Colleague: 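Take this structure, written in structure tokens, and hold onto it; I'll ask about it next.
Nothing here was measured: the structure is a model prediction, and the numbers come from that model.
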Amino acid sequence: MNHALKIFLFAVVMVLAACENEAYESGDGGLSAMRADFVEMRTDGNSNITSIETDDGEELWLTQAISTAWAERPDTVYRALMYYNKVADGEGAPKAEPLAVSQVLVPQITPIGQLVGEMKTDPVALVSAWKSPNGRYVNLELSLKTGAADGGTGSHTIGLVCDGVDENADGTRTIRLRLYHDQGGVPEYYSVGTYVSIAASRLPQQLKPGDEVSVSINTYDGMTTREFGF
């Protein structure tokens, strides 16, 4: 691992290995069909996942505590994509019956002046981008080209770099981010999807009403920039 990766403190270095999905046995959903939501899930003192909060702001206890290999810290909030049935408990209160859960990458954001080594912008496919309804995240759905590398040593690396903060004439600010992507010698044989969530809490400055986050991504069709108002 080179010095640039140590500076980044990435949530994930090997993207394909880290985006784990774990499934759970389920019964019949009492309130609705299966749901898939981006959530913040919280572990208890034993590192078991006991509750979630959806991006729509709904807090739900799980019908059963679950655990994953990547959510290993007690009393910690993790970002995830959860599939679940919304069911009613014995008193009619809604709960989440977990079916499967996948890790969502939440990279640290490194100021460009602190980046050690070359800025990597190997292309990706941008499938979609949106701001969470609660304003806590900007979410990216990416498609990466991958395949079996000779010797099995290649790996993708994804992160975020802040190129600066612009002061606008109306007093608002624009925080300019760029996606860091190092193909890492991985062959580009086929595509695999992954999600990245940019946490507003990790931005270099606290957002105020009217501020904007600009995210630039090098795609196979060239550089594209998406802007999100807060």
Colleague: In Å and rounded to the nearest 0.5 Å, what is the CG to OG distance from D44 to S67?
Modeller: 10.0 Å

Colleague: Does the side chain of I175 reach to within under 4.5 Å of the side chain of S214, using non-hydrogen atoms?
Modeller: no

Colleague: Can you pull the salt bridge (charged side-chain N to carboxylate O under 4.0 Å, His left out) pairs that have at least one residue in residues 127-141, sequence neighbours excluded?
Modeller: E40-R136, E53-R136

Colleague: Taking all non-hydrogen atoms of both residues, which atom of P209 and which atom of T172 are closest, and how far apart?
Modeller: O-CG2, 4.4 Å

Colleague: The test is side-chain contact (heavy atoms from CB on, under 4.5 Å); show your working for Y180 and L160 and say whether it passes.
Modeller: CA-CA 5 Å; Y180 179 108; L160 289 161; over 6 Å; no

Colleague: Hey, does N139 have a side-chain heavy atom less than 4.5 Å from the side chain of S132?
Modeller: yes

Colleague: Ion pair present between E118 and K120, side-chain N to carboxylate O less than 4.0 angstrom?
Modeller: yes

Colleague: Tell me the salt bridge (charged side-chain N to carboxylate O under 4.0 Å, His left out) pairs involving residues 65-85, sequence neighbours left out?
Modeller: D55-R79

Colleague: Could you tell me which residues satisfy side chain to side chain donor-acceptor pair (under 3.5 Å) with K145, sequence neighbours excluded, listed by chain and number?
Modeller: S191

Colleague: Apply side-chain contact (heavy atoms from CB on, under 4.5 Å) to T121 and list each qualifying residue two or more places apart in sequence or on a separate chain.
Modeller: M119, R178, N218

Colleague: Using the rule given for side-chain contact (heavy atoms from CB on, under 4.5 Å), can you reason through L144 versus T146, listing the C-alpha separation, both sets of side-chain angles and the distance that settles it, and then say yes or no?
Modeller: CA-CA 6 Å; L144 308 178; T146 190; 5.6 Å; no

Colleague: Look at the side-chain heavy atoms of Ile, Leu, Val, Met, Phe, Trp and Tyr, link any pair under 4.5 Å apart, and say whether V192 and I158 land in one connected group.
Modeller: yes

Colleague: With sequence neighbours left out, which residue pairs that include part of residues 86-125 fulfil the ring-ring contact (aromatic ring centres under 6.0 Å, His included) condition?
Modeller: none

Colleague: For the residue pair V104 and S197, what are the closest heavy atoms and their distance?
Modeller: CG1-OG, 3.4 Å

Colleague: Who pairs with T54 by side-chain contact (heavy atoms from CB on, under 4.5 Å), at least two apart in sequence or on another chain?
Modeller: D37, V39, D56, E58, Y84

Colleague: Can you list the residues that meet the side chain to side chain donor-acceptor pair (under 3.5 Å) rule with Q183, with sequence neighbours excluded?
Modeller: none

Colleague: Looking only at heavy atoms, which two atoms of N48 and A65 are closest? And how far apart?
Modeller: CB-CB, 4.0 Å

Colleague: May I ask you to test the L81-Y83 pair for a side-chain heavy-atom distance under 4.5 Å?
Modeller: yes

Colleague: Find the distance between CZ (R42) and CG (L62) and round it off to the nearest 0.5 Å.
Modeller: 12.5 Å

Colleague: In chain order, what residues pass the salt bridge (Lys or Arg N to Asp or Glu O under 4.0 Å) check against R176, with sequence neighbours excluded?
Modeller: D166

Colleague: Taking all non-hydrogen atoms of both residues into account, name the closest pair between A71 and T68 and its distance.
Modeller: N-OG1, 3.0 Å

Colleague: List the residues meeting side-chain contact (heavy atoms from CB on, under 4.5 Å) with A199, not counting sequence neighbours, and say none if there are none.
Modeller: V106, Y137, S201, R202

Colleague: Are any of the side-chain heavy atoms of I66 and M82 separated by less than 4.5 Å?
Modeller: yes

Colleague: Honestly curious: do L177 and V165 fall in one hydrophobic cluster under the side-chain, below-4.5 Å linking rule?
Modeller: yes

Colleague: Could you give all pairs that pass the salt bridge (charged side-chain N to carboxylate O under 4.0 Å, His left out) test and reach residues 209-223, with sequence neighbours left out?
Modeller: R173-D211

Colleague: Ignoring hydrogens, what is the shortest heavy-atom contact between P74 and G45? Give both atom names and the distance.
Modeller: CB-O, 3.4 Å

Colleague: List, one per line, each side-chain donor-acceptor pair under 3.5 Å for residues 223-230, sequence neighbours excluded.
Modeller:
unit_1, atom_1, unit_2, atom_2, d
T225, OG1, S216, OG, 2.9

Colleague: Does D182 form a side-chain contact (heavy atoms from CB on, under 4.5 Å) with D122? I'd like the steps, not just the answer.
Modeller: CA-CA 6 Å; D182 183 358; D122 293 333; 3.6 Å; yes

Colleague: Does Q206, at its CD atom, have more than 12 non-hydrogen atoms belonging to other residues, nucleotides or ligands within less than 6.0 Å?
Modeller: no

Colleague: Does any pair with a residue in residues 34-56 pass ring-ring contact (aromatic ring centres under 6.0 Å, His included), and if so which ones, sequence neighbours excluded?
Modeller: F38-W130, F38-Y195

Colleague: Output the distance between atom OG (S128) and atom CG (L140), rounded to the nearest 0.5 Å.
Modeller: 8.5 Å

Colleague: Determine the sole option in R35, E97, K95 for which the side-chain hydrogen bond (donor to acceptor under 3.5 Å, both in side chains) test with N85 is passed.
Modeller: E97

Colleague: Take N168 and T174 through the test side chain to side chain donor-acceptor pair (under 3.5 Å) and record every step on the way to the result.
Modeller: CA-CA 7 Å; N168 303 317; T174 299; 3.2 Å; yes

Colleague: For a side-chain contact (heavy atoms from CB on, under 4.5 Å) check, start with the C-alpha distance between V124 and L179, then their side-chain angles and the critical distance, and finish with the verdict.
Modeller: CA-CA 10 Å; V124 300; L179 185 75; 4.1 Å; yes

Colleague: Heavy atoms only: give me the nearest A200-L207 pair and the separation to one decimal.
Modeller: CB-CD1, 4.1 Å

